[in-house]
Amino acid sequence: MDIGIDGRMDKGATVNVGAVQNDTLRSARFRLEREAHWRQLDELVTRAEKGGAAALGYDEVRNLASGYRQAMNSLSVARDISLDRALIAYLESLCARAYLVVYAPQESLGGLMRRLLSHGIPQAVRRSALPLFIGFLALILGAAAGYRLCANDPSWFYTLVPPEMADQRTPDASTDYLRSTIYGDEGHDSDRLAAFSAFLFSHNTTIVILIFTLGVFVSVPSFILTFYNGLILGAFFAMFYRRGLGYDVFAWLSIHGVTELAAIAIACAGGARLGLAVLLPGARTRKEALRHQAHDAVKLAILAALMLVAAAFIEGFLRQLIQNPTWRLIIGWGMGVCWVGWLLLAGRESTGSREGVR
């Protein structure tokens with residue numbers, strides 16, 4: 001009985017060992033017949049990953065495409081006949097890398113930025129009419145309210161404007177002092193101006209980030225924060241206007257404010273897109289609506305950041321160096337015209353292109 005059992009066990013073990021050896025030989029034969037093509041594909045994929053498809057010649061690109069098809073066929077066969085897992089894992093990795101090289105968009109970071117500036121941002125702005133209306137409305141209403149409050153009662157200035165922002169420019173200051181803050185010689189110290197520009201950019205960026213991120217809460221916090229920035233603007237203008245410096249302060253604000261205040265309103269619009277997705281998701285779930293609206297909302301946030309960079313340079317350098325109010329107006333509103341022209345005209349397909357697509 002023991003011998004018989006031992007005999008059957010030995011026979012089974014022999015069969016299993018033979019099956020394993022057969023599978024090993026089959027995998028080795030399969031690899032030997034195709035390994036040269038896999039190595040060639042691996043080399044081409046590695047070069048394309050490092051230098052892009054442009055680094056390959058015409059024949060190499062053709063070999064890459066055909067090698068990818070052969071590798072996919074080898075992977076299919078290897079799975080069907082259940083070859084060893086290591087070989088299947090290698091082929092899966094190789095095919096995945098080759099797929100990205102063959103089919104994924106081959107675009108550099110510079111190309112992505114050019115496409116974002118030439119099409120992505122302008123098109124996102126043109127799709128955001130209602131959010132932009134909300135953002136600019138909050139700013140304008142705040143400025144009107146701040147002006148009216150401080151024009152009737154200057155003491156409101158101390159309630160609306162933080163002391164660190166007023167910096168001695170208060171209703172109690174003399175007219176000569178207020179005029180000196182508009183036309184005062186800040187000096188031409190480039191280090192001082194650079195530091196001032198960096199401070200302004202950091203301060204304004206913090207405000208814009210808050211306005212944008214708070215928009216997800218049904219847009220209300222973004223609207224309130226933008227409205228408050230308008231209140232400060234209106235309070236400052238009212239104070240200078242009461243001293244007969246309305247034109248001067250308008251020019252002083254225009255050179256940088258056209259860009260800076262528009263950036264704040266655009267950041268509010270980006271936040272409003274997120275808030276409207278939560279408040280009015282439509283046929284989508286709120287999560288899907290938020291994901292859908294986030295594409296344009298992020299582009300608006302990027303636009304606001306770019307505008308803040310420009311505003312920080314203008315406010316930190318040009319506003320200090322240019323004292324003539326007429327030139328301040330020309331530069332400020334000229335920049336506004338450039339922004340509007342870019343956002344309204346860039347990224348539009350020509351009539352011929354649209355007809356060709358149809």
Side-chain angles (χ1 to χ4, degrees), residues 16-124 205 209 270 287-288 290-306 309 342 346-347 349-350 353 356-357:
N16 291 337
V17 170
V20 171
Q21 290 177 343
N22 186 44
D23 289 342
T24 302
L25 291 174
R26 184 169 52 180
S27 295
R29 190 182 309 113
F30 184 84
R31 180 190 293 271
L32 183 63
E33 293 173 352
R34 297 167 173 81
E35 191 169 14
H37 297 290
W38 302 341
R39 290 187 180 279
Q40 182 186 35
L41 177 62
D42 197 337
E43 179 184 354
L44 293 174
V45 168
T46 301
R47 288 176 54 194
E49 288 173 339
K50 292 180 178 179
L56 305 179
Y58 174 78
D59 291 336
E60 291 174 324
V61 172
R62 186 175 58 183
N63 292 337
L64 175 65
S66 63
Y68 167 68
R69 291 192 295 269
Q70 292 177 6
M72 286 296 297
N73 180 64
S74 298
L75 176 59
S76 178
V77 173
R79 285 172 172 170
D80 288 341
I81 62 178
S82 301
L83 296 182
D84 64 273
R85 294 181 179 179
L87 177 60
I88 293 176
Y90 167 77
L91 289 174
E92 287 176 343
S93 174
L94 178 61
C95 290
R97 292 169 56 213
Y99 174 84
L100 292 177
V101 171
V102 173
Y103 291 106
Q106 298 296 317
E107 192 168 12
S108 63
L109 179 60
L112 289 173
M113 288 301 299
R114 284 193 296 270
R115 184 157 56 87
L116 181 66
L117 295 176
S118 63
H119 290 78
I121 289 177
Q123 290 173 355
T205 300
I209 291 174
K287 183 177 180 180
E288 292 172 347
L290 193 60
R291 186 185 301 112
H292 175 73
Q293 295 290 347
H295 294 291
D296 283 348
V298 169
K299 291 172 185 174
L300 293 179
I302 294 173
L303 171 61
L306 293 175
V309 172
W342 167 45
E349 297 181 357
S350 63
S353 299
V357 172

Open item on the list: If I take atom OG from residue Ser118 and atom CE from residue Met113, how far apart are they, to the nearest 0.5 angstrom?
Closed with: 10.5 Å

TODO: Not counting sequence neighbours, which residues clear salt bridge (Lys or Arg N to Asp or Glu O under 4.0 Å) with Glu92? List them please.
DONE: Arg79

Open item on the list: Could you tell me if the side chain of Leu306 sits less than 4.5 Å from the side chain of Leu117, heavy atoms only?
Closed with: yes

TODO: Hey, could you give me the CZ/CG distance between Arg97 and Leu41, rounded to the nearest 0.5 Å?
DONE: 8.0 Å

- [ ] May I ask you to test the His119-Arg114 pair for a side-chain heavy-atom distance under 4.5 Å?
- [x] no

Open item on the list: How long is the straight-line distance from OG of Ser74 back to CG of Leu87, given to the nearest 0.5 Å?
Closed with: 8.5 Å

Task: Intermediate values then yes/no, side-chain contact (heavy atoms from CB on, under 4.5 Å), Lys299 and Asp296 - done: CA-CA 5 Å; Lys299 291 172 185 174; Asp296 283 348; 4.1 Å; yes

TODO: Using a 4.5 Å cut-off on heavy atoms from C-beta on, say whether the side chain of Glu43 contacts that of Thr46.
DONE: no

Task: From Ile121 atom CD1 to Arg115 atom CZ, the distance as rounded to the nearest 0.5 Å - done: 12.0 Å

Task: Backbone of Asp59 reached by a side-chain donor or acceptor of Asn63 within 3.5 Å - done: yes

Open item on the list: I need the minimum non-hydrogen distance between Ala78 and Leu91, along with the two atoms involved.
Closed with: CB-CD1, 4.2 Å

Task: Test item: Asp42 and Tyr90 side chains (from C-beta on) under 4.5 Å apart, heavy atoms - done: yes

Task: Non-neighbouring partners of Glu288 that pass side chain to side chain contact (heavy atoms under 4.5 Å, CB included), sequence neighbours left out - done: Arg284, Thr285, Arg291

- [ ] Only counting residues at least two apart or in another chain, list the ones meeting side chain to side chain contact (heavy atoms under 4.5 Å, CB included) with Ala346.
- [x] Pro122, Trp342

TODO: Look up atom CG in Leu94 and atom CE in Met72, then write down how far apart they are to the nearest 0.5 Å.
DONE: 10.5 Å

- [ ] State whether the side chain of Gln123 and the backbone N or O of Gly347 hold a donor-acceptor pair below 3.5 Å, judged by distance alone.
- [x] yes

Task: Evaluation steps, side-chain contact (heavy atoms from CB on, under 4.5 Å), between Leu44 and Tyr68 - done: CA-CA 10 Å; Leu44 293 174; Tyr68 167 68; over 6 Å; no

Task: From CG (Leu75) to CZ (Arg34), nearest 0.5 Å - done: 11.5 Å

Open item on the list: Between Ser66 and Arg62 (side chain of the first, backbone of the second, donor and acceptor by atom type, cut-off under 3.5 Å), is there such a pair?
Closed with: yes

